[in-house]
Participant: 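Okay, handing you the structure first.
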Amino acid sequence: MLDLRQLRENPDQIQARLNQRQGHYDIQPIVQLDQQQRSLEQERSQLQARSNEIGKLVGQKMKTDPQGAETQALREEGSQVKAKIGELETQEKALEFQLQPLLLALPNLPSSTTPIGASEDENLEVRRWGDEYLPQSSQLLPHWEIGEKLGILNFERSTKIAQSRFVTLIGAGAALERALIQFMLDRQTAAGYIEVIPPFLVNSQSLLGTGQLPKFAEDLFKCDSDDLWLTPTAEVPVTNLYSNEILPAEALPIYHCAYTPCFRREAGSYGRDTRGLIRLHQFNKVELVKFVHPSTSEAEHQTLVQNAEAILQALQLPYRTIELCTGDLGFGAAKCYDLEVWLPSASKYREISSCSNFGDFQARRANIRFKEAGQKGTQLLHTLNGSGLAVGRTMAAILENYQQPDGTVRLPEALQPYLKREIL
RNA sequence: GGAGAGGUGGCAGAGUGGUCGAAUGCGACGCACUCGAAAUGCGUUAUCGGGGUGACUCGAUCGUGGGUUCAAAUCCCACCCUCUCCGCCA
């Protein structure tokens, strides 16, 4: 959520920065509603002051002269003031009802350091790593064929259990998934992230806090009879760990990593990536989440990206780091780097991690603040998160990049101790 | 799921219709005393919104949302959460 005060003080500047994004956002209605709301509020709080005064006066009179004409007159005035306040409150609520959804639907402002561009075509490749590990053979199979041949992935039977876009991992496949989760958590906890296992179901308030709601409800699975949704990413439960809290400044930075399954409806992506592990309704992910002092968030973002990249490097998977331009930036992000791993079957780099700095956007929605000892007031902190990494896509990359002519798959050295074998 | 109890400031805890943003204690911070510390004394110690350059000022907030009333932490209704007992359950 954007700062309403900033919005009314620098509307042109805010509008210009929103215009750098894809899509049209008009802040004019918000500025107007805010104006109306404030003038109503002024009027109402004056009346309320009078109402409080009457209350006190009547309180005094009730002791000495409860039936007196003056007392009755005050009570009468109190009733009228109260009625007027009621009217104003109704109007104010109606305005709030219009304003709040508009405000919640506005995306974050791109950071001043985010490259300006209209679409993903103008994203910047920041660096590329691991060219020497690119597979040389031209006879490469896609990972779903490798997995099915090895009997470690089963998509067909999963549709009986659930639907299309689900997978069942079997034998060494299940073990590899589990090993990857363990490996990633081991690395990230060694890098200083405190592991958490949060609830996998989250309420609407939490989704509002991180920005999935109200705009992206159709991408989520909802539990029908409760105010609970399946979490689309650990970002939601982990960021909301501290919602509505005021942390002491000394507590920052806070680093968390979390393994969770993630559930996404993938509405509107029918026909895209229909095969394999790339786009499933349920997938595993290890997420990194940081809560930091605003002055450090830029530097914290860089190290977060490095922490995610470290996993790909340890697995010796070729990848590149992309800096998203303003036109491709996610809803809540001020700045974002994507990591893309090489998928030989598609001859393409595919996203395997997305590392965003949200600035105070989520903190304002979720009301996460900190207080500096000895200083007056509170400040919003900055939140950041990134995948470290998406586990299913990592498995896909391993199967494809490490496949051998005989149909087997060599395991990355870093994983061999976890699986106690070298070949799948 | 059934029965009961309860949700008040950083914490503990009083407050059952009126001057209560809220006693008291603890903690924290400042000052005094001290060579220093402890003890003691005095003082400060929530958040949000509006107005004002500012000193300041108005309003809101006692789990959340409604209601009754001139007036609600206090009464009524709904919901959420916590605890105890029973049932069920990995």
Participant: So what's G17(B) paired with, Watson-Crick or G-U wobble, going by both distances under 3.5 Å?
Facilitator: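 Across all strands, not a single nucleotide pairs with G17(B).
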
Participant: Which one is paired to U47(B), where only Watson-Crick or G-U wobble pairs with both distances under 3.5 angstrom count?
Facilitator: A60(B)

Participant: How far does the P atom of C26(B) sit from the matching atom of A32(B), given to the nearest Å?
Facilitator: 22 Å

Participant: Identify which nucleotide among C70(B), G59(B), G66(B) has an atom closest to any side-chain atom of Q48(A), counting heavy atoms from C-beta outward.
Facilitator: G59(B)

Participant: For a quick check under 3.5 Å, do N203(A) and D227(A) share a side-chain donor-acceptor pair by atom type?
Facilitator: no

Participant: Taking G27(B) as the reference, what is the distance to A39(B) when you measure between their P atoms (whole Å, please)?
Facilitator: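 After rounding to an integer number of Å, I get 8 Å for this pair.
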
Participant: Checking side-chain polar atoms at under 3.5 Å, does Q46(A) have a donor or acceptor matched by the opposite partner on Q42(A)?
Facilitator: no

Participant: Whole Å only: how far is the CG atom of N244(A) from the C1' atom of C80(B)?
Facilitator: 14 Å

Participant: Do D65(A) and T71(A) have side-chain atoms, one donor and one acceptor, less than 3.5 Å apart?
Facilitator: no

Participant: By a strict heavy-atom criterion of less than 4.0 Å, which residues belonging to residues 69-81 of chain A are in contact with RNA chain B?
Facilitator: R75(A), G78(A), S79(A)

Participant: With both distances kept under 3.5 Å, what pairs with U24(B), Watson-Crick or G-U wobble?
Facilitator: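 Result: A12(B).
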
Participant: Starting from C1' on U53(B), measure out to CD on E9(A) and report it in whole angstrom.
Facilitator: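 Value for this atom pair: 14 Å.
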
Participant: Where does the angle between the aromatic ring planes of Y193(A) and Y255(A) fall among parallel (under 30°), tilted (30 to 60°) and perpendicular (over 60°)?
Facilitator: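 Judged by the thresholds at 30° and 60°, the geometry between Y193(A) and Y255(A) is tilted.
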
Participant: What integer number of Å spans the C1' atoms of G7(B) and A73(B)?
Facilitator: 12 Å

Participant: Could you tell me how far C48(B) sits from G9(B) if I compare only their C1' atoms? Round to whole Å.
Facilitator: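 Straight-line distance between the two C1' atoms is 15 Å.
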
Participant: Without decimals, in angstroms, what is the distance between Q205(A) CD and G63(B) P?
Facilitator: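 In whole Å, G63(B) P and Q205(A) CD are 18 Å from each other.
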
Participant: Write down the distance between CD1 (I85(A)) and P (G67(B)), rounded to a whole number of angstrom.
Facilitator: 13 Å

Participant: Expressed as a whole number of angstroms, how long is the span from E89(A):CD to G65(B):C1'?
Facilitator: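 Distance check: E89(A) CD to G65(B) C1' gives 13 Å.
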
Participant: Let me spell it out: for each of G55(A) and R50(A), pick the nucleotide of RNA chain B with the closest heavy atom. Which residue's pick is nearer the 5' end?
Facilitator: G55(A)

Participant: If I take atom CD1 in residue I54(A) and atom C1' in nucleotide C70(B), what distance separates them, rounded to the nearest angstrom?
Facilitator: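 Taking atom C1' of C70(B) as the reference, CD1 of I54(A) is at 7 Å.
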
Participant: Any donor-acceptor pair under 3.5 Å linking the side-chain atoms of T260(A) with those of K285(A)?
Facilitator: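 The answer is no; no qualifying pair exists.
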
Participant: Can you tell me the distance, in whole Å, between the CG atom of L228(A) and the C1' atom of C81(B)?
Facilitator: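 For the pair L228(A) CG and C81(B) C1', the rounded distance is 14 Å.
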
Participant: Take the protein atom CG of L40(A) and the nucleotide atom C1' of G59(B), then report the distance between them rounded to whole Å.
Facilitator: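 In whole Å, G59(B) C1' lies 14 Å from L40(A) CG.
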
Participant: Using Watson-Crick or G-U wobble geometry with both distances under 3.5 Å, which nucleotide pairs with U53(B)?
Facilitator: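 None - no nucleotide pairs with U53(B), as no candidate has both distances under 3.5 Å.
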
Participant: Do Q15(A) and Y25(A) have side-chain atoms, one donor and one acceptor, less than 3.5 Å apart?
Facilitator: no

Participant: When you compare C35(B) with U44(B), how far apart are their P atoms, in angstrom units rounded to a whole number?
Facilitator: 28 Å

Participant: How would nucleotides 47-52 of chain B be written as a contact map, 5' to 3', with B for base contact, S for sugar-phosphate-only contact and - for no contact, using protein heavy atoms under 4.0 Å?
Facilitator: SSBSS-

Participant: Whether K82(A) contacts A72(B) is assessed here as follows: a side-chain N or O lying under 4.0 Å from the phosphate OP1 or OP2. Is that the case?
Facilitator: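 Result: no.
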
Participant: Scan every strand shown for a Watson-Crick or G-U wobble partner of C85(B), both distances under 3.5 Å, and answer none if you come up empty.
Facilitator: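 Per the H-bond distance test, G2(B).
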
Participant: Using atom C1' of each nucleotide, how far apart are G63(B) and C58(B) to the nearest Å?
Facilitator: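 Going atom to atom, C1' in each nucleotide, I get 27 Å.
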
Participant: Hunt down the Watson-Crick or G-U wobble partner of C42(B), both distances under 3.5 Å, from any strand shown, or write none.
Facilitator: G30(B)

Participant: When all nucleic acid strands are considered with a 4.0 Å heavy-atom cut-off, which category describes K93(A): base, sugar-phosphate, or nothing?
Facilitator: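 Here K93(A) touches the backbone only, sparing every base.
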
Participant: Does the side chain of N52(A) get closer than 4.0 angstrom to OP1 or OP2 of G59(B) through an N or O atom?
Facilitator: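 Yes.
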
Participant: Taking pairing as Watson-Crick or G-U wobble with both contacts under 3.5 Å, can you name the mate of A71(B), or confirm there isn't one?
Facilitator: none

Participant: Would you check if there is a donor-acceptor pair between the side chains of Q362(A) and E235(A) at a distance under 3.5 Å?
Facilitator: yes

Participant: Say you pick atom C1' in C89(B) and the same atom in G4(B); how far apart are they, in whole Å?
Facilitator: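 The same atom, C1', in both gives a distance of 22 Å.
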
Participant: Classify the nucleic acid contact of Q60(A) as base, sugar-phosphate or nothing, counting any heavy atom under 4.0 Å across all strands shown.
Facilitator: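 Counting heavy atoms under 4.0 Å across all strands, the contact made by Q60(A) includes a base.
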
Participant: Below 30° counts as parallel, above 60° as perpendicular, anything between as tilted: where do the rings of H281(A) and F221(A) land?
Facilitator: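 Correct class here is perpendicular.
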
Participant: Between T321(A) and E309(A), do the side chains contain a donor N or O and an acceptor N or O under 3.5 Å apart?
Facilitator: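 Per modelled atom types, E309(A) and T321(A) side chains form a pair under 3.5 Å.
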
Participant: If the threshold is 4.0 Å, N to carboxylate O, is there a salt bridge linking R264(A) and D219(A)?
Facilitator: no

Participant: Is the shortest side-chain N to carboxylate O distance from R350(A) to E340(A) below 4.0 Å?
Facilitator: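 No.
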
